Amino acid sequence: MQDTKFERQRQEKLSRIKELGIDPYGGKYDGTELAEDIKRRFKEDDESQRAKCAGRIVLLRHMGALIFMTLRDWSGTIQVGLSKKLLGERWPLAKLLELGDIIGAAGQLGKTKTGEITIWVDSLALLSKSLCQPPEKFHGLADIDLRYRHRFVDLWANPEVMELFKKRSAIISTIRQFLNVRGFLEVETPMMQRIAGGAAAKPFTTHHNSLDMDLFLRIAPELFLKRLLVGGMEKVFEINRNFRNEGLSRQHNPEFTMLELYQAYADYNVMMDLTEQVIRLLVEEYCQGNQVKFGDMTVDFGRPWRRAQYAELLKEYAGCDIDDIKSVRQKAGKLGIDEADMDDAVVINKVFEAVVQDNLVDPTFVIDYPVALCPLTKRKKDDPKYAERFELLMARMELANAYTELNDPAVQEENFRIQLRGQEESMATMDRDFITALKYGMPPAGGLGIGIDRLVMVLTGATSIRDVVLFPLLKPVPN
RNA sequence: GGGAGUGUAGCUCAGGUGGUAGAGCAACGGCCUUUUAAGCCGUAGGUCUUGGGUUCGAGUCCCAACACUCUCACCA
C-alpha cells in the first residue's frame, strides 16, 4: 500500500486519537442490535427507548456542535446523532471521526424533526480507524475490476452486493435442508485426486512433496461419491468446489461450486423430479413470482418444465435427423465446426450445443443422450443407442446434469477404454480402483449434479458468475 | 488464444475536427444543534495506464505492452 496523501492525513488523525488516550482499534463491544432491527422495533412517542449499534460511518454531516452520521452494518443503516452537549468529554473524538471509521454508539432512540429514527449518542466508542478513503458515497464503487479486487470495500460500499451474497448463503442453506429432510447424508470427498475423473475437462495439477506424487485438483467428485454407494451410503451429497483448467467467461470460473448427489435404487427420472422440486422451492422462496429476469431474457418457471429428447431437439432446432450423420456433418460445416477429425457423437453434440442451447431460455430437461457421450451412464433398456442422462438447460446455460448411474463393471471398464476423437479430454479416464469398487456391487442409482453458482445467478439475476463468487479469479495487477 | 470497446484527481465522470486539464463527491481551512447524497465561503489535489512514434505542439492521431468489459473458441 503506497503512502498516499489521504493516508498520511488519516494517520495524522490516528495520532490525535491516540493522544486523547483512545485505542483506535477498539475491542469487544457487547449488546448491540442490528440497525434494521432497531428501526423495526422503534415505537413512536416512547422516550424510554435506548439502542446500541456498531457499524461503519458511510455518511457524515457536521453541523457545528452537532454531527449526524449514517452507520452501516450488515443489516442496513441507521442514523446516529452526536452532540457536544450529550457527549461531553468524548466530543473531541466525535469531531475526529471520518467516513469509513467503524464505531459503536449507544443512547436514547428517538426521531428527528424530519422523522428519521436516530440514536442520540451518549456513549461512543471507536472500534476501528479506517486509513483508506472510502469510494464516492453516492455512486459507490462502480469500477467492476476494482469491485472484484476490493470485495472488502464492495460489500459495504454497494449494499446490494451484501444482499446478494447473503441470498447465496441462504439458497445453499435451503438446499441442505431440503436434502437433509429427505435423508441425504452430507459428505466430503477428496479434492486432490490421483486420477481426475467424472467429467470432461482439463485439470489443475499439483504435487505432494513427501510422497513425491503428482496430484490433480478434482474436476468432479463423482467417482468417489459412487464408491460411497458401494460402501452402503444410500443417499449422499456433497456441496463443494470443482476445479477446471479452462477458459474464463461469464459462465465459467476455474473453481466453481457443485452440488452432487446420489440416491441408491433410483434412476434419472427420480433425479428429474428431485431437481424440479428443489429449484421450484428456491424460486418460490427467493424470487418474486415465477418469471425471473435474467439479462434480456425472462425465465419462466411457472409452466410445466419441458422434457424433450436430445434427438427430438436436434431435429427441432438443427433440422437434422440424429441417425443421418451426413446431414449432421453438413450442418456442422455450415456452423463453422471443423468436423473432419471428430467422431460422429462429438460432431452431433457440437451441433446440438451450437444450435439448441442458445435457444432454451425456460427450464428444459434434455433427456436421453447418445451413449458415446455418456461413459458413466446406464443405457436405455429399450433403446441402447441412448443413455439415461438428462441435462437441465435454462437461460441459455446448463444448470444440471444427471444420470441413471452405470453399475456394470464390465461395461464401465469397456467405456473407459474408448477415447473419442475430437474431444481432448475424456470423461472416461481409466480408474482401476473405481472398477474394483463396482465389482463389489454398486446398487442401481440416480446421480445428479447442479451448478450452484449458475443456479444462484439465475435466482438473483446476476448475469456474470463473478458477481456470485466472492473472490473470482483475476489476473494479478502488474507491479 | 481471436475480434470489438474501455483506461483522465482517492471515487464517479466531462473533455467536437491536435493548442498544454475540468465538474461533483471525498480531502484540507472556516461558519452552523435537526441534517438526509446537508448547505455556504475558501484552499489544495493530475507523469491524462505504460513505452515508443508523428508533429512546432498529443489526453486527443499512429504503433506496441498491460489491465478490464463484451464477444467467439475450449468447458459446466
Side-chain angles (χ1 to χ4, degrees), chain A residues 2 4-10 12-13 58-70 77-87 91 98-100 110-118 120 131-150 153 157 198-203 219-220 242-260 295 335-338 349-350 353-354 357-358 391-393 397-401 422-425 427 449-455 457 463-466 472 474-479:
Chain A
Q2 50 190 291
T4 64
K5 185 191 80 179
F6 296 108
E7 206 179 325
R8 280 198 305 277
Q9 279 173 1
R10 282 177 176 248
E12 185 62 31
K13 287 209 169 150
V58 291
L59 293 173
L60 184 57
R61 299 175 283 279
H62 277 260
M63 315 197 53
L66 179 66
I67 302 170
F68 285 107
M69 295 175 178
T70 302
T77 58
I78 189 161
Q79 175 166 276
V80 296
L82 296 85
S83 76
K84 188 175 180 180
K85 210 167 143 190
L86 266 175
L87 278 173
W91 178 245
E98 52 196 333
L99 290 173
K111 265 192 178 175
T112 60
K113 273 183 194 165
T114 48
E116 180 87 15
I117 297 169
T118 301
W120 293 103
L131 295 174
C132 297
Q133 285 267 113
E136 210 253 6
K137 64 186 178 186
F138 186 58
H139 295 92
L141 195 58
D143 185 288
I144 293 181
D145 184 42
L146 245 192
R147 283 187 43 226
Y148 297 148
R149 291 186 194 279
H150 284 183
V153 176
K202 295 186 194 75
I219 56 175
N242 289 344
F243 306 86
R244 297 187 185 175
N245 207 341
E246 310 278 356
L248 286 73
S249 82
R250 314 195 87 194
Q251 283 96 30
H252 301 266
N253 196 55
E255 49 179 314
F256 62 101
T257 302
M258 181 94 140
L259 161 68
E260 264 199 35
L335 291 167
I337 297 163
D338 183 16
N349 202 41
K350 293 268 181 208
E353 283 174 357
Q357 186 163 318
D358 275 357
E391 286 196 358
L392 174 61
L393 304 185
M397 293 191 289
E398 182 197 330
L399 252 85
N401 184 17
Q423 203 177 32
E424 264 185 67
E425 265 62 43
M427 229 187 278
I450 297 181
I452 296 295
D453 310 280
R454 289 181 179 180
L455 181 60
M457 285 167 69
T463 52
S464 169
I465 195 167
R466 291 180 164 194
L474 303 167
K475 286 191 200 172
V477 183
N479 179 14

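The sequence lines fix the lettering, A, B, ..., with proteins before strands; numbering per chain opens at 1. Since the structure is predicted, the reported quantities are computational estimates derived from the model, not experimental observations.
Nucleic acid contact for A:Arg250: sugar-phosphate only, since backbone atoms but no base atoms lie under 4.0 Å from a heavy atom of the residue. Contacts of A:Lys84 with the nucleic acid, taken as non-hydrogen atoms under 4.0 Å apart, are absent. Note on A:Lys111: nothing from the nucleic acid sits closer than 4.0 angstrom, heavy atoms only. If you check every strand for non-hydrogen atoms under 4.0 Å, A:Tyr148 touches sugar and phosphate atoms only. As judged by a 4.0 angstrom heavy-atom cut-off over every strand, A:Arg149 is placed among residues touching the sugar-phosphate backbone only. Residue-level contact check: A:Gly451 touches neither bases nor backbone, having no heavy atom under 4.0 Å from any strand.
The closest donor-acceptor contact from the side chain of A:Gln79 to the backbone of A:Ile117 lies at 3.5 Å or more, if one exists at all. Looking only at distances, a side-chain donor or acceptor of A:Arg244 sits under 3.5 Å from a matching main-chain atom of A:Ile219.
Pair check for B:rG19 finds B:rC56; Watson-Crick or G-U wobble, both atom distances under 3.5 Å. B:rC25 and B:rG10 make up a base pair, with Watson-Crick or G-U wobble contacts both under 3.5 Å. Under the Watson-Crick and G-U wobble criteria, each requiring two contacts below 3.5 Å, nucleotide B:rC70 is paired to B:rG3. Nucleotide B:rG39: paired with B:rC31 (Watson-Crick or G-U wobble, both distances less than 3.5 Å). Pairing for B:rU47 is absent, with no Watson-Crick or G-U wobble pair whose two atom distances lie under 3.5 Å.
The nearest whole Å value for the distance from the CG atom in A:Leu474 to the C1' atom in B:rC66 is 15 Å. Rounded to whole Å, the distance from CE on A:Met69 to P on B:rA37 is 17 Å. Taking atom CG on A:Leu248 and atom C1' on B:rU71, their separation rounds to 14 Å, with Å as the unit. When rounded to the nearest whole Å, the span between CE of A:Met63 and C1' of B:rC40 equals 12 Å. Atom CG of A:Leu86 and atom C1' of B:rU33 are 11 Å apart (whole Å). A:Arg466 has its CZ atom 12 Å from the C1' atom of B:rC70, to the nearest Å. Rounded to a whole Å, the CD atom of A:Gln79 is 16 Å from the P atom of B:rU33. In this structure, CD of A:Glu353 is placed 10 Å from P of B:rA73, rounded to the nearest angstrom.
With a 4.5 Å cut-off on side-chain heavy atoms, A:Ile67 and A:His62 count as touching.
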Scan nucleotides 6-11 of chain B against the protein and return all N/O pairs shorter than 3.5 Å with their distances rounded to 0.1 Å.
residue	atom	partner	partner atom	Å
B:rC11	O2'	A:Glu136	N	2.9

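With hydrogens and angles ignored, a donor-acceptor pair closer than 3.5 Å exists between the side chain of A:Thr112 and the base of B:rU35. Residue A:Glu116 places no side-chain atom within donor-acceptor reach of the base of B:rU34, judged by atom type and a 3.5 Å distance cut-off alone.
Taking all atoms of both residues into account, the shortest heavy-atom contact from A:Leu82 to A:Trp91 is O-CZ3, 3.6 Å. A:Leu248 approaches A:Arg466 most closely through the heavy-atom pair CD2-NH2, 3.3 Å.
In this structure, CD on A:Glu98 lies 8.0 Å from CD on A:Gln133, to the nearest 0.5 angstrom. The OG1 atom of A:Thr257 sits 13.0 Å away from the CD1 atom of A:Ile450 when rounded to the nearest 0.5 Å.
When the side-chain nitrogen and oxygen atoms of A:Arg61 are compared with OP1 and OP2 of B:rU35, none of them lie within a distance under 4.0 Å.
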